[in-house]
Amino acid sequence: MSPADPKPLDFEFYLVVAPGLEELARLELKTWGPDLVPVVDRGGLTLRTELARGLGLNSCLKIPTRILIRIADFGCRDFPKLFKKLSNLDWSRWIADDRVVDFKASSHGSRLFVKKRIEETCADGRKAYLKKKGAQPKAESEPITVYVRLADDVCFVSLDTSGERLHKRGHRELSSDAPLRESIASALLWALEADAKLESTETIELVDPMCGAGTFFLEASGLKARIDSREYAFESWGGTEIAGSHAIESSSARDVYASFVGFDNDAKAIRSATKNWETAGVPRPCRFIEGDFFAAAPLEKGPRRWLICNPPYGERIGVEGRLSSYYEKLFVAVAEKIRPERACFLL
């Protein structure tokens, strides 16, 4: 872009994050966009950036569960105004006229608070917009989700750019009992690495003593790489604004994990983990060891090791005795058998 060229218009995006993971999501975002300065609140991050860049974050970020783009906001205290605003919104800029829209409403501190009526009014507004153009949605088309949020008598209209939740990476085929959601796994991996001091060439062997279907390993192997194995909602909107490339260049950060070792006493889980790893095609060594971790032999001395673990908490997978005693036993076994430099447990 030459100095005379105008700066691309910035759009407001909202990254939806599981409460409690906001700071880790901010750390991850910084890796992909050091210049991006999000506003962090409970349950998400708000940021402004170019359209293509914001849409491209869907394929980069591993902690958010979905990414919304705001397309309108206005003061609103009655249904006639809500209808008027929605009927005059330039929907074709974002969504093709033949696409079905599914409105989802929420309200807090506003005169308009009946969700169903808000959704119906918004739907009527878009119908009126299409009628003026002589257009009509195709009933068989996949619905596009539009979020309408009223807060203190201000209406915010946002599009779901992601579609299927972002923790669906598109490459894990099999799961195990009590599987861990991929977005949570990535957040824990960022926590494990957050303040580590590693030289540019140093690598780590990651160990999981209760690996299940290998979710931690799959996430660790591509923590800082784009995901190109699935589709995103914005790719099929068909609006005039959504055109061109939405890819983001690879992150300058590197994955620090050179090899992986996983234990599990469930033969089915080991088979699932092995299959998932083969399907992902990660060109790094990974050993899956079937058997009870507490009875396993200590790992041989060699590479620097970090440990990550999602142990059972006594519900979907039971434990013998008190949970606190089980965890104490686990910590002792980890210290004796793995001797990790760093460890992260989800308790």
Side-chain angles (χ1 to χ4, degrees), residues 8-17 19 22 37-51 54-55 57-58 64-137 139 141-163 165 232-234 236-242:
L9 289 175
D10 281 353
F11 293 84
E12 184 169 295
F13 291 86
Y14 186 71
L15 314 182
V16 181
V17 176
E22 297 89 355
V37 183
V39 175
V40 180
D41 60 23
R42 180 170 173 77
L45 284 66
T46 301
L47 62 95
R48 297 192 68 87
T49 188
E50 300 93 333
L51 179 63
L55 295 174
L57 290 174
N58 279 286
T65 56
R66 66 177 68 251
I67 298 177
L68 310 181
I69 181 172
R70 181 176 297 174
I71 61 172
D73 59 83
F74 49 88
C76 186
R77 304 179 72 184
D78 56 64
F79 284 105
K81 182 170 185 179
L82 179 62
F83 172 83
K84 182 178 180 180
K85 286 289 187 179
L86 271 289
S87 64
N88 290 327
L89 187 62
D90 186 5
W91 289 101
S92 300
R93 181 185 180 192
W94 300 100
I95 302 170
D97 293 342
D98 62 353
R99 296 299 304 275
V100 173
V101 167
D102 182 17
F103 289 95
K104 294 187 181 297
S106 63
S107 180
H108 176 74
S110 296
R111 289 194 176 191
L112 306 186
F113 60 87
V114 180
K115 295 180 182 179
K116 185 176 181 180
R117 189 175 175 193
I118 294 170
E119 292 167 354
E120 290 173 345
T121 302
C122 292
D124 290 342
R126 183 167 184 258
K127 287 178 184 177
Y129 167 84
L130 294 176
K131 185 177 181 179
K132 288 184 287 186
K133 298 186 66 179
Q136 188 172 351
S141 65
E142 185 71 22
I144 295 173
T145 303
V146 177
Y147 291 91
V148 179
R149 179 172 64 92
L150 283 122
D152 301 321
D153 293 327
V154 177
C155 181
F156 302 94
V157 182
S158 302
L159 293 177
D160 172 20
T161 74
S162 305
R165 286 174 180 260
Y232 302 97
F234 71 85
S236 65
W237 286 350
T240 58
E241 186 76 55
I242 310 298

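In this text the structure is predicted, and so the values were computed from the model without any measurement.
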Donor-acceptor pair, [X] side chain versus [Y] backbone, under 3.5 Å?
| X | Y | result |
| --- | --- | --- |
| Thr161 | Leu55 | no |
| Arg48 | Asp10 | yes |
| Ser110 | Asp152 | yes |
| Glu22 | Gly43 | yes |
| Arg66 | Gly163 | yes |
| Thr49 | Gly54 | no |

Straight-line distance of [X] [atom1] to [Y] [atom2], nearest 0.5 Å:
| X | Y | atom1 | atom2 | answer |
| --- | --- | --- | --- | --- |
| Thr145 | Phe103 | OG1 | CZ | 10.5 Å |
| Phe13 | Leu159 | CZ | CG | 10.0 Å |
| Ser162 | Asn58 | OG | CG | 3.5 Å |
| Ile71 | Ile95 | CD1 | CD1 | 6.0 Å |

Query - Exceeds 12 heavy-atom contacts within 6.0 angstrom, atom CZ of Phe74 - result: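 Result for CZ/Phe74: enclosed.
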
Requested in this report: Scan for salt bridge (Lys or Arg N to Asp or Glu O under 4.0 Å) pairs involving residues 109-131, sequence neighbours excluded, and state none if there are none.
Outcome: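 Residue pairs with at least one partner in residues 109-131: there are none.
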
Query - Where at least one partner belongs to residues 97-110, residue pairs that pass salt bridge (Lys or Arg N to Asp or Glu O under 4.0 Å), sequence neighbours excluded - result: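 Pairs touching residues 97-110 that pass the test: Asp97-Lys133, Asp98-Lys138, Asp102-Lys104.
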
Query raised in the report: Do Val146 and Cys122 pass the side chain to side chain contact (heavy atoms under 4.5 Å, CB included) test, and can you show the C-alpha distance, the side-chain angles, and the key distance before you say yes or no?
Result: CA-CA 10 Å; Val146 177; Cys122 292; over 6 Å; no

What pairs with [X] under side chain to side chain donor-acceptor pair (under 3.5 Å), at least two apart in sequence or on another chain?
| X | value |
| --- | --- |
| Asp153 | none |
| Tyr147 | none |
| Thr46 | none |

Validation row: [X], [Y] side chains within 4.5 angstrom (heavy atoms):
| X | Y | answer |
| --- | --- | --- |
| Pro64 | Val16 | no |
| Ile118 | Phe79 | yes |
| Pro137 | Val101 | no |
| Leu15 | Pro38 | no |

Query raised in the report: Parallel, tilted or perpendicular: which fits the ring planes of Phe234 and Trp237, with parallel below 30° and perpendicular above 60°?
Result: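 Answer is perpendicular, since the angle exceeds 60°.
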
Query raised in the report: Can you check side chain to side chain contact (heavy atoms under 4.5 Å, CB included) on Ile69 and Leu51, steps first, answer last?
Result: CA-CA 9 Å; Ile69 181 172; Leu51 179 63; 3.5 Å; yes

Side-chain polar contacts of residues 82-89 - donor-acceptor pairs under 3.5 angstrom, sequence neighbours left out - could you list them?
from  : atom 1 : to     : atom 2 : distance (Å)
Ser87 : OG     : Phe83  : O      : 3.1
Ser87 : OG     : Lys84  : O      : 2.9
Asn88 : OD1    : Lys132 : NZ     : 3.2
Asn88 : ND2    : Lys84  : O      : 3.2

Report task. Run the ring-centre check on Tyr129 versus Trp94 and record whether the distance is less than 6.0 Å. Result ->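 They do not qualify: ring centres at least 6.0 Å apart.
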
